[in-house]
Number of protein chains: 2
Amino acid sequence: MATIHDVALAAGVSKTTVSRYLNNRIELPAATSARIDAAIAKHDYRPNLLARRLSTGKTDAIGLVVPEIREPFFAELASAVEDEADRHGYTIFISSTRSDRGREIASLNRLRDHHVDGLIMLTNTPDDGSLAAEIGKRRNVVLLDEDIPGVKVPRVFVENTEGARRATQHLIARGHRAIAFLGGPLGLFTSEERFAGYAAALREAGLGVEGQHLHRGSFSPDLAEQAVVAMAAARTPPTALFASSDYLAIGAMRGLRRAGVAVPRDMSLVSFDDTPLGAMLTPALTAIQQPIEALGRHGFQALYALMQRKPAPKLTRLPVTLIERESVASPRARGRL
Amino acid sequence: MATIHDVALAAGVSKTTVSRYLNNRIELPAATSARIDAAIAKHDYRPNLLARRLSTGKTDAIGLVVPEIREPFFAELASAVEDEADRHGYTIFISSTRSDRGREIASLNRLRDHHVDGLIMLTNTPDDGSLAAEIGKRRNVVLLDEDIPGVKVPRVFVENTEGARRATQHLIARGHRAIAFLGGPLGLFTSEERFAGYAAALREAGLGVEGQHLHRGSFSPDLAEQAVVAMAAARTPPTALFASSDYLAIGAMRGLRRAGVAVPRDMSLVSFDDTPLGAMLTPALTAIQQPIEALGRHGFQALYALMQRKPAPKLTRLPVTLIERESVASPRARGRL
DNA sequence: CCCAGTTAGTAAACCGGTTTACAGAGCCAA
DNA sequence: TTGGCTCTGTAAACCGGTTTACTAACTGGG
């Protein structure tokens with residue numbers, strides 16, 4: 001392939017001139033620039049990115065670290081980040097860690113090793129401090145959607161607490177009094193916030209948080225399925241269920257079907273996320289919608305600011321919306337309060 | 001950050017020695033290598049990837065081009081390719097093109113510009129020849145799952161025809177005679193193969209392919225939904241349906257629900273892909289399973305061979321499997337043959 | 001004792017750009 | 001005519017590795 005040297009030779013100028021011309025760092029007389037353009041066209045010259053990167057120390061690429069690209073929520077988010085990055089001339093590396101700490105740290109190492117200029121990080125495994133320590137050593141990192149305690153980098157989250165509160169209020173407004181909670185891992189930021197919102201709504205309505213209605217510990221749909229089956233078999237089963245994610249809701253739906261409980265007739269269900277998946281189920285899920293596009297956009301923009309050495313907002317909170325579909329009804333009269 | 005020069009200085013050797021030692025191109029006495037190791041540890045030295053890449057001309061990264069990362073089939077495939085790439089020390093760039101020809105060509109340009117060492121390409125928009133021409137100019141390209149006519153690079157496909165045939169035979173064996181076909185874009189490789197398999201099964205059973213039962217033209221679930229609603233309203237509706245992809249099947253399920261047709265009681269359904277999505281629906285979809293792991297693995301391995309300048313298999317065909325779930329039953333007696 | 005072969009390295013070129021520091025030519029004003 | 005300024009560039013250093021081609025020192029055999 002032709003190099004900048006060949007072009008310079010053909011145009012009768014130095015390679016400095018060609019380089020500066022291509023990067024708009026010099027004004028040239030029309031005759032000179034025409035000669036350069038012609039030489040470029042003749043040799044079909046394209047700058048070697050590898051060389052440029054070594055010179056500038058920039059890669060024009062960022063990394064996006066997610067726990068599992070196969071989960072629709074993360075895939076949607078990746079798509080949103082990619083769109084915004086594209087708009088700014090950046091390409092993205094997507095790293096699907098399978099929640100493996102080693103792979104998360106490997107991503108951070110790629111940042112250190114100039115694989116990428118910045119990193120948008122999303123992890124849903126509780127940190128023992130090692131990840132936070134590693135992040136502390138790097139610059140140009142942004143946390144998205146999920147917090148890591150003790151990390152001082154820009155963070156972009158949604159209104160988890162408010163969303164869960166509104167979901168629960170929606171069920172209460174329909175007349176439900178026994179509302180179960182299906183949550184993610186204990187100690188995980190979004191998990192805790194969503195639980196707090198659920199509890200707040202109950203409290204505000206004068207209802208108590210009952211241990212028998214709480215099922216927390218994991219985002220796995222299979223565990224959710226089991227939990228729901230057990231719940232349905234209880235002496236006083238709940239009439240409604242708030243699931244902290246669409247993936248959990250899917251497990252719950254399977255469990256309810258197995259237990260012969262009809263949604264929404266015998267059990268109302270509100271979920272959190274609102275991925276396209278939820279709309280495709282039968283019945284379509286009423287859910288708290290996360291603004292995925294906005295999450296991706298704000299996440300990238302915060303990182304972009306960091307990379308430009310400009311101030312980035314320390315904490316962004318994006319609002320959520322209740323989307324009503326078909327999975328909520330009033331409880332059937334059963335002689336219960 | 002420390003450079004190889006600093007390490008060489010500290011260890012009292014030349015940077016050539018350090019470089020060769022690190023790349024296992026030299027045997028050193030224990031004393032020398034210990035000094036180098038100590039110098040590396042002391043300076044916390046990490047080779048600058050950008051510099052190495054410029055020197056070697058390799059990036060140890062490959063690109064994966066898919067139409068839409070949000071569709072579960074592609075997300076699963078991306079995950080499989082990433083796993084295999086990881087095993088060989090490669091990282092991957094995922095590019096979600098939204099079926100935009102410009103973005104597909106941009107990916108090919110990234111290959112030319114040394115962004116990546118190779119490219120695994122998957123496109124589901126019929127080509128007017130421009131993409132094929134562009135691919136012809138590059139080396140280290142592999143086609144996965146979907147063909148582009150006129151391209152002479154290694155290709156890895158599944159047994160589309162055989163899969164569709166078996167799906168259709170499965171319905172015929174259950175007693176169905178009026179079996180509709182829901183297909184993707186005309187002229188698209190997988191689309192045509194799956195249609196051929198469907199038609200072959202009917203022919204072999206002495207049944208005809210009836211125009212009124214064919215709905216082809218797109219992989220969009222929304223169009224599938226409309227088509228199915230229209231179909232259900234026909235004078236002599238089919239009793240079974242073969243959908244060429246899970247995404248189409250989801251649209252079909254929505255349409256059937258809207259039309260008040262119960263699956264599988266009033267309509268049996270077999271799909272193609274078998275993404276986790278299909279197993280989560282109600283009823284769970286009986287489907288032809290694509291071997292996604294194997295697709296990813298063979299796709300990467302073919303590319304790996306190319307990159308090593310070794311011969312790569314020109315065409316790999318992977319077998320598919322019928323997975324029986326809940327969406328197929330025998331047709332109800334209705335006085336029809 | 002001398003030569004060949006091995007051991008343990010090294011100097012310098014190279015990858016292909018970007019950037020800094022500088023300079024000749026031409027022109028204008030004093 | 002001379003000093004200064006603008007225009008149009010350039011030479012050379014630099015980014016940080018890898019690789020080629022070469023050599024000094026040592027060892028062992030004849």
Side-chain angles (χ1 to χ4, degrees), chain A residues 1-40 42-61 89 109-117, chain B residues 1-40 42-61 89 109-117:
Chain A
M1 271 200 46
T3 72
I4 198 171
H5 184 78
D6 303 326
V7 171
L9 222 58
V13 295
S14 73
K15 57 185 199 148
T16 308
T17 304
V18 177
S19 171
R20 304 220 290 169
Y21 171 62
L22 288 177
N23 293 290
N24 293 318
R25 301 213 191 297
I26 197 176
E27 286 286 309
L28 290 179
T32 310
S33 52
R35 281 206 322 279
I36 296 179
D37 288 338
I40 288 175
K42 180 178 153 204
H43 288 84
D44 189 25
Y45 168 72
R46 304 246 96 213
N48 181 316
L49 275 192
L50 266 31
R52 165 178 297 173
R53 287 175 181 171
L54 175 57
S55 267
T56 61
K58 295 194 56 201
T59 64
D60 293 326
N109 289 347
R110 276 205 284 281
L111 176 57
R112 176 196 55 195
D113 295 344
H114 305 284
H115 217 106
V116 293
D117 296 342
Chain B
M1 270 199 46
T3 71
I4 198 171
H5 185 77
D6 303 326
V7 171
L9 223 58
V13 295
S14 73
K15 58 186 197 144
T16 308
T17 304
V18 177
S19 171
R20 304 220 291 170
Y21 171 61
L22 288 178
N23 292 290
N24 294 317
R25 299 213 192 298
I26 196 175
E27 287 285 309
L28 289 179
T32 310
S33 52
R35 278 200 333 271
I36 296 179
D37 288 337
I40 288 175
K42 178 179 155 204
H43 287 84
D44 190 24
Y45 167 73
R46 303 247 98 213
N48 181 317
L49 276 191
L50 265 31
R52 165 178 298 175
R53 286 175 183 173
L54 175 57
S55 267
T56 61
K58 295 195 56 201
T59 64
D60 294 325
N109 289 347
R110 276 206 284 280
L111 176 57
R112 175 196 56 196
D113 295 344
H114 305 284
H115 217 108
V116 293
D117 296 341

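Letters A, B, ... are given to chains in the order of the sequence lines, protein chains preceding strands, and every chain is numbered from 1. Remember, predicted model here, so these are calculated numbers, not experimental data.
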*Hey, is the side chain of A/K15 pairing donor to acceptor with the base of C/dG16 inside 3.5 Å?*
no

_Short side-chain donor-acceptor distance under 3.5 Å, B/S14 and B/T17_ = yes

*Mind calculating the distance between CD1 (B/I4) and P (D/dG16) to the nearest angstrom?*
12 Å

*When the distance from CZ of A/R35 to P of D/dG9 is rounded to whole Å, what number comes out?*
7 Å

*asked:* Nearest whole Å is fine: how far is C/dT6 C1' from B/L28 CG?
replied: 15 Å

*Phosphate OP1/OP2 of D/dG9 contacted by A/T17 side-chain N/O (<4.0 Å)*: no

*asked:* Nearest whole Å is fine: how far is C/dG17 C1' from B/D113 CG?
replied: 13 Å

*Classify the nucleic acid contact of B/R53 as base, sugar-phosphate or nothing, counting any heavy atom under 4.0 Å across all strands shown.*
nothing

_In whole Å, I'd like the distance from the CZ atom of A/R20 to the P atom of D/dT8._
12 Å

*What nucleic acid atoms does B/Y21 come within less than 4.0 Å of, heavy atoms only: base, sugar-phosphate, or nothing?*
nothing

*Approximate separation, where rounding is to 0.5 Å, of B/H114 NE2 and A/R46 CZ*: 11.5 Å

*Name the residue closer to the 5' end of DNA chain C, choosing between B/P29 and B/T56 according to the nucleotide with the nearest heavy atom.*
B/P29

*Proximity to the side chain of A/N48 - top-ranked nucleotide from C/dG16, C/dT18, D/dG17*: C/dG16

*Rounded to the Å, how far apart are A/H43 NE2 and C/dG17 P?*
12 Å

*Measure from the side chain of B/S14, starting at C-beta and using heavy atoms only, and say which of D/dG17, C/dT10, C/dT19 lies closest.*
C/dT10

*So do B/N48 and B/M1 actually touch side chain to side chain, heavy atoms under 4.5 Å?*
no

*Does a nitrogen or oxygen in the side chain of B/T32 sit under 4.0 Å from OP1 or OP2 of C/dA8?*
no

*From D/dG17, D/dG9, C/dT18, nucleotide with atom closest to A/S55 side chain*: C/dT18

*Nearest-neighbour nucleotide for the B/V13 side chain, C/dT10, C/dT18, D/dG16 considered*: C/dT10

_Separation of atom CD1 in B/I36 from atom C1' in C/dG9, rounded to whole Å_ = 10 Å

*State, to 0.1 Å, how close B/H115 and A/L49 come at their nearest heavy-atom pair, and which atoms those are.*
ND1-CD1, 3.3 Å

*Between the side-chain atoms of A/T16 and the base atoms of D/dA11, is any donor-acceptor pair under 3.5 Å?*
yes

_Given B/D6, which partner from the list B/I4, B/L9, B/T3 fulfils the side chain to side chain contact (heavy atoms under 4.5 Å, CB included) test?_
B/T3

*Taking atom P of D/dT20 as reference, at what distance in whole Å does atom CD1 of B/I26 sit?*
14 Å

